[in-house]
Amino acid sequence: MSESGPHRPPAGPPDPTAGPSDPPARERRPWGSISRAQIVAAALEITRRDGLGALTIRALAADLGVSRMALYRHVSGKDELVALVMDAIAARDIVPPDLGAGPWPGRLRRIADGLRRELGAYPGTIDALVTRGDHGPGALRLVETILATLADAGLDERAAVRYYLVFIDLVLGRMHFEAHGDPIDRHRNASLGVHGRAAGDGPGALPRLRAAEPHLREITTAEVFDTELDMLIRAVEAEAGSRR
């Protein structure tokens with residue numbers, strides 16, 4: 001730079017924690033100024049914005065303006081980051097503070113709606129939950145809440161566990177399907193009527209399928225999910241009633 005250019009102070013000693021992909025030193029926070037809560041909040045934002053696959057130590061360091069080594073003081077690596085994100089989602093809004101009030105069927109529906117809403121807002125989390133599970137404090141509180149709701153329905157401990165597993169299978173399974181080519185998606189099933197007409201031997205062939213064709217084009221996966229919950233609730237009511 002020429003003598004007439006702006007004066008810049010001499011560079012200080014290199015940061016021993018810097019890596020080739022770390023943010024420039026001028027963008028960094030002071031050493032030790034980052035907290036675990038800030039790390040979790042930033043990891044949640046990356047996951048919400050870009051999906052769980054984009055959550056890396058490198059990306060998180062860049063977002064927070066710290067070196068990767070500064071993050072390693074708080075988390076051991078991506079596996080722990082993912083666990084923290086999953087638990088934070090479970091702890092935040094899936095179980096609202098007033099969930100204990102009201103009839104148990106409505107409470108169970110609110111939990112199901114909360115799971116779909118919160119996990120749906122963070123792309124990739126449903127895959128992680130299906131493949132690796134979640135055993136953090138928030139997730140354990142969620143399990144406890146579901147079991148307590150089923151106990152309030154009149155189920156004994158073994159039946160409550162059975163229906164808890166059915167509930168989780170229903171909710172997470174539906175979300176996993178929706179993320180990976182749902183076999184009951186209306187756009188996918190609309191062609192059944194077309195194939196039915198092509199396969200029919202005459203105007204009167206496959207009458208039920210022909211009558212169902214407009215509904216196959218219209219019924220949404222949300223309607224199917226509500227029906228599945230209805231079936232589960234009726235099954236719980238029937239089993240609890242048989243024990244009285």
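The first residue of the sequence shown is numbered 1, and numbering continues consecutively from there.
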Discussion item. Measuring from atom CG of D79 to atom CG of L84, what distance do you get when rounded to the nearest 0.5 angstrom?
Written reply: 11.0 Å
Discussion item. Same cluster or not: L140 versus M86, using hydrophobic residues (I, L, V, M, F, W, Y) connected whenever any side-chain heavy atoms lie under 4.5 Å apart?
Written reply: no
Practice prompt. Could you go through the side chain to side chain contact (heavy atoms under 4.5 Å, CB included) check for R73 and V66 one step at a time?
Written response: CA-CA 11 Å; R73 297 180 63 205; V66 299; over 6 Å; no
Worksheet item: Do you know the tightest heavy-atom contact between P105 and E237?
Response: CG-OE2, 4.3 Å
Worksheet item: Can you tell me how far OH of Y164 sits from CG of L150, rounded to the nearest 0.5 angstrom?
Response: 10.5 Å
Discussion item. Can you give me the closest heavy-atom contact between L81 and A43, atom names plus distance?
Written reply: CD2-CB, 4.3 Å
Worksheet, complete the sentence: For G124 and L52 the tightest heavy-atom approach is O-CD2, 3.8 Å
Worksheet item: What is the distance from atom CG of D226 to atom OG1 of T220, rounded to the nearest 0.5 Å?
Response: 8.0 Å
Practice prompt. Quick one: closest heavy-atom pair of L64 and Q38, and the distance?
Written response: CD2-O, 4.0 Å
Fill in: Note: R36-E80 ion pair, threshold 4.0 Å (strictly below)
yes
Discussion item. Going by side chain to side chain contact (heavy atoms under 4.5 Å, CB included), F167 matches just one of I233, L115, V236. Which one?
Written reply: L115
Worksheet item: Would you say M231 and V224 are hydrophobically clustered, going by side-chain heavy atoms of ILVMFWY under 4.5 Å?
Response: no
Worksheet item: Is the shortest heavy-atom distance from the side chain of V171 to the side chain of I111 under 4.5 Å?
Response: no
Item to complete: Of all the heavy-atom pairs spanning D152 and R107, show the shortest one and how long it is.
Response: OD2-NH2, 2.6 Å
Item to complete: For the pair D87 (side chain) and A139 (backbone), establish whether a donor and an acceptor sit closer than 3.5 Å, ignoring hydrogens and angles.
Response: yes
Worksheet item: Nearest 0.5 Å, what's the CG-CE distance between L119 and M175?
Response: 5.0 Å
Fill in: Sidechain N-carboxylate O distance under 4.0 Å for R48, E45
yes
Worksheet entry | From CZ (R110) to CZ (R117), nearest 0.5 Å | 9.0 Å
Practice prompt. Indicate yes or no: at least one non-hydrogen side-chain atom of E178 is less than 4.5 angstrom from one of I126.
Written response: no
Fill in: Closest contact, heavy atoms only, A153 versus A240
O-CB, 3.2 Å
Item to complete: Take L108 and L229 through the test side chain to side chain contact (heavy atoms under 4.5 Å, CB included) and record every step on the way to the result.
Response: CA-CA 9 Å; L108 199 63; L229 278 177; 5.5 Å; no
Discussion item. Rounded to the nearest 0.5 Å, what separates atom CD1 in I219 from atom OG1 in T227?
Written reply: 8.0 Å
Worksheet item: Please walk me through it: do I168 and I146 pass side chain to side chain contact (heavy atoms under 4.5 Å, CB included)?
Response: CA-CA 10 Å; I168 291 298; I146 297 170; 4.1 Å; yes
